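All remarks here apply to the structure that follows.
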Amino acid sequence: RSAQPAAEVQTDRERRVFAVTAGSAVDVANISGDVRIAAGAGDSVVVETVRRRRSRGDELRLEMRQVGNRVVVRVTGARSNRGNDTIDITVTAPRDAAVVARSVSGSVGLTGVDGESRLETVSGDVDVTRAANLSLAKTVSDTVTVRQSDSAGTMTLGTVSGSVVAADLRARGLDARAIFRHQVRT
């Protein structure tokens, strides 16, 4: 039998800049690809995406828009995507921005943001460093790592099948759980 040729990967990049004011918010939801958010200087939200396509079927759809002082990024598409189309999202936001970031199949990361932050993924790591008001970092299948982070309320860290690793945290309360055979290390 002859081997099938590997599918050629097409890569597309996009960059958008949104002007915001103090107290802005970033809301990212991705079904296939990583999400990375970091604090930057200035009063804008910069969204950079890298799309990798292996076929022309069931493509993902990318939407970026601004609603008032909130920047919304959505990746939607067919559930049967099977990794043929992925979109990695990198966001640079003002330090005081509130952040909600979710992925179905991809890791989620946050660095240096002071606004309230909520991060979730189904299949991928959650990695947080220097978050001033982290309320949630959760994955179903992988590791949650949180370092040098604070919360004004209860910080919830969790995984169903993976580990929770935490160091140098300050919060009113801490709810850290690893459900199956793995561990919570602080």
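If you're wondering where the values come from, they're calculated on a predicted model, not measured in any experiment. Quick note: numbers below take in every heavy atom, side chains included, and nothing from hydrogens, waters or symmetry partners.
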Drop me the distance from [X]'s [atom1] to [Y]'s [atom2], to the nearest 0.5 angstrom.
X      : Y      : atom1 : atom2 : value
Thr145 : Asp127 : OG1   : CG    : 5.5 Å
Thr156 : Leu174 : OG1   : CG    : 8.0 Å
Arg172 : Thr154 : CZ    : OG1   : 9.0 Å

Can you tell if the side chain of Arg15 reaches within under 4.5 Å of the side chain of Val46, non-hydrogen atoms only? yes

The side chain to side chain donor-acceptor pair (under 3.5 Å) partner of Arg52 among Asp88, Thr86, Thr11 is Asp88

Would you name the heavy atoms of [X] and [Y] that are closest together and state the gap between them?
X      : Y      : value
Arg36  : Gly109 : NH1-N, 3.1 Å
Gly112 : Ala39  : O-CB, 3.0 Å
Asn69  : Thr21  : OD1-N, 2.8 Å
Leu157 : Ala166 : CD1-CB, 4.1 Å
Val144 : Thr139 : CG2-CG2, 3.7 Å
Thr76  : Ile31  : C-CD1, 3.9 Å

- Query: Is the CZ atom of Arg74 crowded by more than 12 outside heavy atoms at less than 6.0 Å?
  - Reply: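 Counting neighbours around CZ of Arg74, more than 12 heavy atoms of other residues, nucleotides or ligands fall under 6.0 Å, so yes.
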
